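Since we're looking at a predicted model, the values are computed, not measured.
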Number of protein chains: 2
Amino acid sequence: MNSFTEENYLKAIYHLSKDDGSVVTTNSISEAINTTAASVTDMLKKLAEKKLISYVKYQGSTLTESGRMAAANIIRKHRLWEVFLVEKLGFKWDEVHDIAEELEHINSSELIARLDQYLGFPKTDPHGDPIPDSEGNFNHKQLTKVSKLSPGQQGSISGVSEHSAIFLQFLEKTGLTLGAVLKIKEVLEFDGSVTLIIDHVKEITISREVAKNILVVI
Amino acid sequence: MNSFTEENYLKAIYHLSKDDGSVVTTNSISEAINTTAASVTDMLKKLAEKKLISYVKYQGSTLTESGRMAAANIIRKHRLWEVFLVEKLGFKWDEVHDIAEELEHINSSELIARLDQYLGFPKTDPHGDPIPDSEGNFNHKQLTKVSKLSPGQQGSISGVSEHSAIFLQFLEKTGLTLGAVLKIKEVLEFDGSVTLIIDHVKEITISREVAKNILVVI
DNA sequence: CTATATTTTTAGACTAATCTAAATTTTATA
DNA sequence: TATAAAATTTAGATTAGTCTAAAAATATAG
Ligand SMILES: [Mn+2]
Ligand SMILES: [Mn+2]
Ligand SMILES: [Mn+2]
Ligand SMILES: [Mn+2]
């Protein structure tokens, strides 16, 4: 079994390799989990020893198949718990991440199997992120950043690439929640601000930075 | 905040002081949490330093008010999670303890408040043990061991003082579950075996050892 | 009330995870 | 391509929690 700390490293490496298994640098890990690069190097050696990553000194790391499976399982638990917190306990989507960071380390495959069933085998979490199955397979949808759309195009919100509470609260307040249909009215050349119509009704303007972090299915 | 390990020590001390705040020996703690007495001594010093226990060298320890509150809160979480596992996820009463041992350390009072509400503010866990309120108050019922009853007396099962899976499975199989009504038919003088009638229907005989661990309200 | 047994504490060491400071390797740039 | 800058690793320390072996205190028994 992997320790709490090892699990957090595996998860960080998974997220940093952008779902495509690309090489992750030591510094990027240290930044992601708020430790020093020296600490990360120590842990990388240990994870390599356990065959969870392949690690080449000074070059970087990638997850092995067994490391990828372990990471996927942690992410599966995290996202299922997030669904539970929102659907059953009535938390808002900006309140659940930190609690799920703890719950994801609870160790019982029976528990997760039953939780999955209890929740009706959800495919995505409250932020639109896919929930991998128990074999670690993700069903990645083809998502487009709102910032890539041109006037006239439309899509429905299916995810966000920024999960901070402050950002999620802003979206909630503005009506930019999962499932909302957006139609681009105008993209301001000056700074990339996007004016759009939500659900064919409400017109608003968002900054390019906000637009980059909202993902739609066209 | 107290560490995972500190929480386990506090809980062990609470359970060992028999709900009445009596002094707990170092050896009894080491036995309860499967560590050496030397390790326990180290931890007792730390807990005393944090004012969670009062500790007199060579004499033993008792929880302070703040230590008692901390312990009650862990027990509250443990028992609420056990209710969740049985009522919502369909686990059996002999399967939930180990998972609850992990879940009890999740840190979020908001989570526990919502879970409590979601479960309908249960007063007891699946083993009949009382769930303390958020102020740490236990509502101890007046329970009697079946081994203390005489022929003709009856009571309804309201708790067990042994929580091992093997014992709970035996009770389940025999029909000795929470709420069952027992009427004592005979107590064998030879070894204290008890013959009783369950729910006015089924007659069975149990050993004195089993009878000692079943608790009833008369 | 002394000798022995039991309980508890102390001393010293180990592991996991972390850090700072220094050394080494890689990358960028002039 | 040599040097400077940036990234990474190594060396050496620290903290929490644990252990074994030995010492000290307390309890028990003749
Ligand atoms: Mn999350
Ligand atoms: Mn999420
Ligand atoms: Mn339990
Ligand atoms: Mn219980």
Side-chain angles (χ1 to χ4, degrees), chain A residues 1-18 22-63 67 70-71 74 101-102 104-107, chain B residues 1-18 22-63 67 70-71 74 101-102 104-107:
Chain A
M1 217 12 57
N2 304 316
S3 73
F4 184 98
T5 310
E6 289 167 338
E7 290 192 342
N8 282 337
Y9 274 89
L10 291 172
K11 188 169 52 121
I13 296 169
Y14 180 91
H15 287 309
L16 289 166
S17 27
K18 323 197 80 189
S22 51
V23 174
V24 172
T25 66
T26 299
N27 265 5
S28 68
I29 298 170
S30 77
E31 202 174 308
I33 62 186
N34 244 306
T35 48
T36 62
S39 302
V40 174
T41 299
D42 284 348
M43 182 57 83
L44 293 179
K45 287 181 195 164
K46 205 195 333 172
L47 295 175
E49 191 65 44
K50 294 178 79 170
K51 310 262 194 238
L52 292 163
I53 63 171
S54 50
Y55 162 56
V56 182
K57 234 173 150 184
Y58 290 104
Q59 299 307 305
S61 314
T62 54
L63 293 173
I74 302 159
E101 288 283 312
E102 294 194 52
E104 71 190 7
H105 301 287
I106 302 291
N107 230 310
Chain B
M1 217 13 57
N2 304 316
S3 72
F4 184 97
T5 309
E6 288 167 336
E7 289 192 342
N8 283 337
Y9 274 89
L10 292 172
K11 189 169 52 120
I13 296 169
Y14 181 91
H15 287 309
L16 290 166
S17 27
K18 322 198 78 189
S22 52
V23 173
V24 172
T25 67
T26 299
N27 264 4
S28 67
I29 298 170
S30 77
E31 203 175 306
I33 62 186
N34 245 306
T35 47
T36 61
S39 302
V40 175
T41 300
D42 283 349
M43 181 57 82
L44 293 179
K45 287 182 195 163
K46 201 188 346 166
L47 294 175
E49 191 65 44
K50 295 178 81 170
K51 310 262 193 236
L52 292 163
I53 63 171
S54 51
Y55 162 59
V56 181
K57 234 173 149 182
Y58 291 105
Q59 299 307 305
S61 314
T62 53
L63 293 172
I74 301 158
E101 288 284 312
E102 295 193 52
E104 72 189 7
H105 300 288
I106 302 291
N107 231 310

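Counting to the nearest Å, the P atom of D:dA16 and the CD atom of B:Glu6 are 9 Å from each other. Atom-to-atom, CD1 of A:Ile29 to P of D:dT8 comes out at 9 Å; the value is rounded to the nearest Å. Distance CD (B:Glu31) to P (C:dT8): 11 Å, rounded to an integer number of Å. Look at NZ on B:Lys45: it is 8 Å from P on C:dA11, rounded to the nearest Å. In this structure, the CE atom of B:Met43 is 11 Å from the P atom of D:dC19, given to the nearest Å. Atom-to-atom, CG of B:Asp42 to C1' of D:dA16 comes out at 10 Å; the value is rounded to the nearest Å. Separating the CG atom of B:Leu47 from the P atom of D:dA16 is a distance of 13 Å, rounded to the nearest angstrom. What separates CD of A:Gln59 from C1' of C:dT27 is a distance of 11 Å, to the nearest Å.
Using a 4.0 Å heavy-atom criterion, one finds that B:Thr35 contacts the sugar-phosphate atoms exclusively. Within 4.0 Å of A:Tyr55, counting heavy atoms only, lie sugar-phosphate atoms of the nucleic acid but no base atom. Backbone-only engagement by B:Thr26 is indicated by non-hydrogen atom pairs under 4.0 Å involving sugar-phosphate atoms exclusively. A:Thr5 comes within 4.0 angstrom of sugar-phosphate atoms only, judged by non-hydrogen atoms across all strands, and of no base.
Side-chain contact check for A:Asn8 versus A:Glu104: some heavy-atom pair is nearer than 4.5 Å. In this structure, B:Asn27 and B:Glu31 have side chains that are not in contact, with every pair of non-hydrogen atoms separated by 4.5 Å or more.
Of all the heavy atoms in B:Met43 and B:Glu6, the pair that sits closest is SD-CG, 3.9 Å.
When the side-chain nitrogen and oxygen atoms of B:Lys57 are compared with OP1 and OP2 of D:dT26, none of them lie within a distance under 4.0 Å. Between C:dT18 and A:Tyr9, a contact under 4.0 Å exists linking OP1 or OP2 to a side-chain N or O. Considering only side-chain N and O atoms, B:Thr41 lies under 4.0 angstrom from the phosphate OP1 or OP2 of C:dT9. One finds no side-chain N or O of A:Asn27 lying less than 4.0 angstrom from the OP1 or OP2 phosphate oxygen of D:dA6. Using a 4.0 Å cut-off, no side-chain N or O of A:Thr25 falls inside it from OP1 or OP2 of D:dA7.
Checking C:dT9, C:dT24, D:dC19 against every side-chain atom of A:Tyr58, the shortest atom distance belongs to C:dT24. Which of D:dA25, D:dC19, C:dT20 sits closest to the side chain of A:Thr36 comes down to C:dT20.
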I'd like to know whether A:Ile29 forms a side-chain contact (heavy atoms from CB on, under 4.5 Å) with A:Tyr9, so could you lay out the CA-CA distance, the side-chain angles of the two residues, the decisive distance to 0.1 Å, and finally the verdict. CA-CA 8 Å; A:Ile29 298 170; A:Tyr9 274 89; 3.9 Å; yes

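Enclosure of atom NZ in B:Lys50 by more than 12 non-hydrogen atoms of other residues, nucleotides or ligands within 6.0 angstrom is indicated.
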